[in-house]
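Every heavy atom of this structure was used, including side-chain atoms; hydrogens, water molecules and symmetry mates were not. Worth saying up front: this structure is predicted, and the values here are computed from it rather than measured. Chain identifiers are assigned alphabetically (A, B, ...) following the order of the sequence lines, protein sequences preceding nucleic acid strands; residue numbering begins at 1 within each chain.
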Amino acid sequence: MMDITQKIAIATADILKMSYDHAVETHDVQIDATRKEFEGDYTVVIFPYLRALKMKPEEAGDALGDQLLAAVPEIESFNVIKGFLNLSLSAAYWSEALASISSDGQWLTRGKSGGLSLVEYSSPNTNKPLHLGHLRNNFLGHSVSLIKEFTGNEVIKTQIINDRGVHICKSMLAWKELGNGETPDTSGLKGDKLVGKYYVKFDQAFKKEQEKIELNRLQLSDSNWSDSENLFISGSAASADTISSDEWHIGSMDLQNTLKQVYDGDESALDGLTLKGKPLTTGFKDSLLSYAEFIKDSETETYEQEASRREAIKNNSPLYQRVRKMLIKWEQGDPETIALWKMMNSWVYEGFDETYARMGVSFDKLYHESETYLKGKDIVKVGLEKGIFFTKDDGSVWVNLEADGLDQKLLLRADGTTVYMTQDIGTAAQRQEDYPSLQQIIYTVGDEQDYHFKVLFLILEKLGYDWAPACRHLSYGMVDLPSGKMKSREGTVVDADDLMAEVVDAAKISSEEKGKLDEMEQEEQEQLFEMLGIGALKFYLLRVDPRKRMMFDPEESVSLNGDTGPFVQYTHARCKAVLRKAGEFQPGAPERLSEKERQLLRALMQFRTVMNGAAEDMNPSAVASYCIDLAKMYNQFYHDLPILKAEDEEVKGFRLALTKLTAETIATSMGLLGIRVPERM
RNA sequence: GGCCCCGUAGUUCAAUGGAUAGAAUAGAAGUUUCCUAAACUUUAGAUGGCAGUUCGAUCCUGCCCGGGGCUACCA
């Protein structure tokens with residue numbers, strides 16, 4: 001069946017050409033759904049033709065309307081308001097359109113398989129449990145995969161796991177030195193949480209060690225410290241917890257923050273401090289004041305100064321030296337280190353798998369940085385031979401993108417080691433090897449890396465990969481909390497597992513308040529709460545344009561009223577309830593249609609177009625908006641018009657067919673967001 | 001400093017260059033002898049500023065103001 005708007009567009013172009021000798025491309029004819037405050041189904045915008053027709057808007061509208069009425073049998077009547085030609089289609093057309101879509105086996109199923117796209121999302125770091133930001137990333141990437149697949153691509157869902165490097169050794173070292181052999185089993189912690197705990201522990205120990213080193217360095221020669229002060233300063237990293245910060249009379253604030261207060265002008269911040277119940281000695285206070293100065297200085301330093309200071313810190317830190325040693329051992333394949341690494345990784349993956357399962361996302365192929373981090377080197381060498389890259393005096397390899405309005409970018413360090421960009425090049429090449437028919441890679445990564453991907457795609461293009469121009473960065477904005485930015489250091493991250501548990505719980509509470517589920521089996525109820533809670537969360541995160549930064553309000557995310565997933569799910573359940581009562585039915589063709597019916601059907605017919613647009617833009621929020629629109633229209637339709645008690649069989653059959661198609665369309669659309677819909681709720 | 005993104009009702013989000021800028025929430029007022037009231041109806045409320053392009057600008061261009069990001073031999 002030809003799309004009616006297409007048909008009108010062709011007819012319009014024909015008329016303009018034949019009668020007025022004005023050539024217009026069919027796709028330039030602008031046809032919109034008529035706004036609800038005007039009479040009609042579709043509107044042709046005729047402003048663009050006024051000049052060529054040498055007519056006033058109303059005249060042109062009438063003239064064009066008359067000819068369209070004659071040319072297109074589906075058009076029943078028209079009206080003209082200013083430059084808008086509103087066309088009304090016949091009831092017969094609408095019933096036929098509904099019947100035709102309903103019996104079309106292709107309408108709600110995935111398109112023919114086109115090119116192969118690889119969609120990368122999640123890509124976590126094994127040190128950090130998944131959080132709210134990962135949820136947006138995963139839901140987006142997963143949904144885009146589904147949408148692309150639906151509209152006719154072969155899709156490989158993938159991720160690259162950051163499982164190597166200094167930072168990974170940090171958690172390993174902390175576990176080795178402080179862990180006492182703790183495992184997920186003995187601690188009762190999820191594997192990823194356990195490893196994350198030791199990553200944090202390393203950071204804390206490192207921070208304390210630095211404070212001690214600095215204070216030692218700044219200790220005035222004539223100062224006499226008390227025993228506990230000396231103990232505080234000289235304690236080893238492993239015993240960093242010997243004196244907890246609680247023993248300072250400054251509540252939970254750490255030393256650094258207190259010192260900050262001091263140089264911010266509040267000299268008295270030190271006065272109240274005690275250590276082991278005793279006031280501080282003058283000498284110790286003086287050292288602290290010097291330290292405050294030191295911190296103050298460090299805030300005004302330049303990049304270079306900061307970099308060299310950091311390097312110095314790392315070189316002087318026994319803790320950091322042990323981490324480096326561990327990394328070297330790892331790279332050399334030391335069995336003991338590898339075994340530790342494998343063990344801790346397996347804990348993490350078990351934890352992640354659990355989280356992914358609840359999130360309802362999955363992957364077809366996994367990549368690990370530990371396996372790919374050396375891959376880019378060879379390609380850089382090839383590029384060097386081809387003259388795409390160049391070598392600097394120190395032997396480091398660079399690419400010059402200044403001609404493209406970008407910078408010079410490092411690809412290999414002077415010592416031959418790789419950087420992030422090298423690895424990404426290597427991984428892309430690896431994927432080409434793994435999937436020779438690859439046509440596109442889509443990277444789901446936050447917008448702070450916009451520049452990185454611009455550079456990467458340019459390099460891939462220069463290297464001659466023919467699919468490089470088709471690569472896309474599915475860039476998304478940060479998720480903000482009402483309290484501001486999420487910062488792991490300040491403990492303001494929202495943990496993914498906690499959040500999911502919370503929304504499911506909220507769904508349970510409101511469901512029980514409604515009290516509609518009494519005859520439902522316990523297990524079915526639990527599944528429903530899961531469906532509603534996770535559905536609410538996904539919908540909340542997906543309904544916002546990915547490119548935009550968004551606000552996450554925990555209160556609002558568990559709400560089930562308004563523009564939410566459960567609102568759409570409810571509408572589906574409502575349709576299903578009607579259909580259950582109706583039983584078997586014959587689609588009908590009424591003589592007259594009401595406005596609500598037309599509106600709903602028009603929206604249903606938009607389905608394919610909306611999905612194609614969402615695929616093209618990699619934008620699930622378009623699908624979410626569509627779901628809301630459909631649900632609203634159905635609810636109005638349901639409220640205003642009787643279905644089972646309709647005036648005659650034709651009308652009843654038509655409304656039931658509308659109901660059925662609405663349910664199917666909602667289920668399919670929500671499915672593309674990764675959200676399931678219930679039969680009843 | 002250079003480059004990039006974002007400024008829409010109190011708040012959170014919409015709007016291929018098109019009609020009177022839509023929803024949702026929060027506020028006010030209603031609808032159940034009737035197919036699921038997690039619904040529906042009514043009400044009030046917004047395009048940061050100044051120019052330009054256009055028949056027509058929230059959208060395109062320029063400048064200004066405000067918010068964020070990138071600008072690492074980190075990943």
Return the 5'-most residue of the pair A:Arg580, A:Val166 with respect to RNA chain B, ranking by each residue's nearest nucleotide. A:Arg580
Name the closest nucleotide to the [X] side chain, picking from [options].
| X | options | value |
| --- | --- | --- |
| A:Glu448 | B:U25, B:C6, B:C70 | B:C70 |
| A:Ala573 | B:U36, B:U41, B:A75 | B:U36 |
| A:Arg413 | B:U71, B:U36, B:C73 | B:C73 |
| A:Lys514 | B:A38, B:C40, B:C73 | B:A38 |
| A:Asp394 | B:C73, B:C55, B:C13 | B:C73 |

Just wondering, do A:Cys169 and A:Arg324 contact through their side chains at under 4.5 Å, heavy atoms? no
For the pair made of [atom1] in [X] and [atom2] in [N], what is the distance, rounded to whole Å?
| X | N | atom1 | atom2 | answer |
| --- | --- | --- | --- | --- |
| A:Met681 | B:A39 | CE | C1' | 11 Å |
| A:Gln449 | B:A72 | CD | P | 14 Å |
| A:Asp545 | B:U58 | CG | C1' | 15 Å |
| A:Tyr638 | B:C40 | OH | C1' | 11 Å |
| A:Glu556 | B:A26 | CD | P | 9 Å |
| A:Glu369 | B:A75 | CD | P | 9 Å |

Hey, does the side chain of A:Arg51 come within less than 4.0 Å of B:C55's phosphate (OP1/OP2), counting only N and O?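 Checking B:C55 against A:Arg51, a side-chain N or O does come within under 4.0 Å of OP1 or OP2.
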Under a 4.0 Å heavy-atom criterion, the protein footprint on nucleotides 17-22 of chain B, written with B, S and -, is -BBS-S
dist A:Phe552:CZ -> A:Leu499:CG (nearest 0.5 Å) comes out at 4.5 Å
So that I can tick it off, tell me whether A:Glu37 and A:Arg35 are bridged by a salt bridge, with the cut-off set at under 4.0 angstrom between side-chain N and carboxylate O.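 Salt bridge flag = yes for A:Glu37 with A:Arg35.
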Under 4.0 Å, heavy atoms only, any strand: does [X] hit a base, just the sugar-phosphate, or nothing?
| X | result |
| --- | --- |
| A:Asn162 | sugar-phosphate |
| A:Leu50 | nothing |
| A:Leu641 | base |
| A:Lys548 | sugar-phosphate |

Can you tell me which stems RNA chain B forms when a stem means 3 or more consecutive Watson-Crick or G-U pairs under 3.5 Å?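 Stems for RNA chain B, defined as runs of 3 or more consecutive pairs: B:1-7 with B:65-71, B:10-13 with B:22-25, B:27-31 with B:39-43, B:48-52 with B:60-64.
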Using atom C1' in both nucleotides, what's the gap between B:U43 and B:U33 to the nearest angstrom? 29 Å
Kindly confirm or rule out a cation-pi arrangement of A:Arg164 over A:Tyr373, judged by NZ or CZ under 6.0 Å from the six-membered ring centre and within 45° of its axis? yes
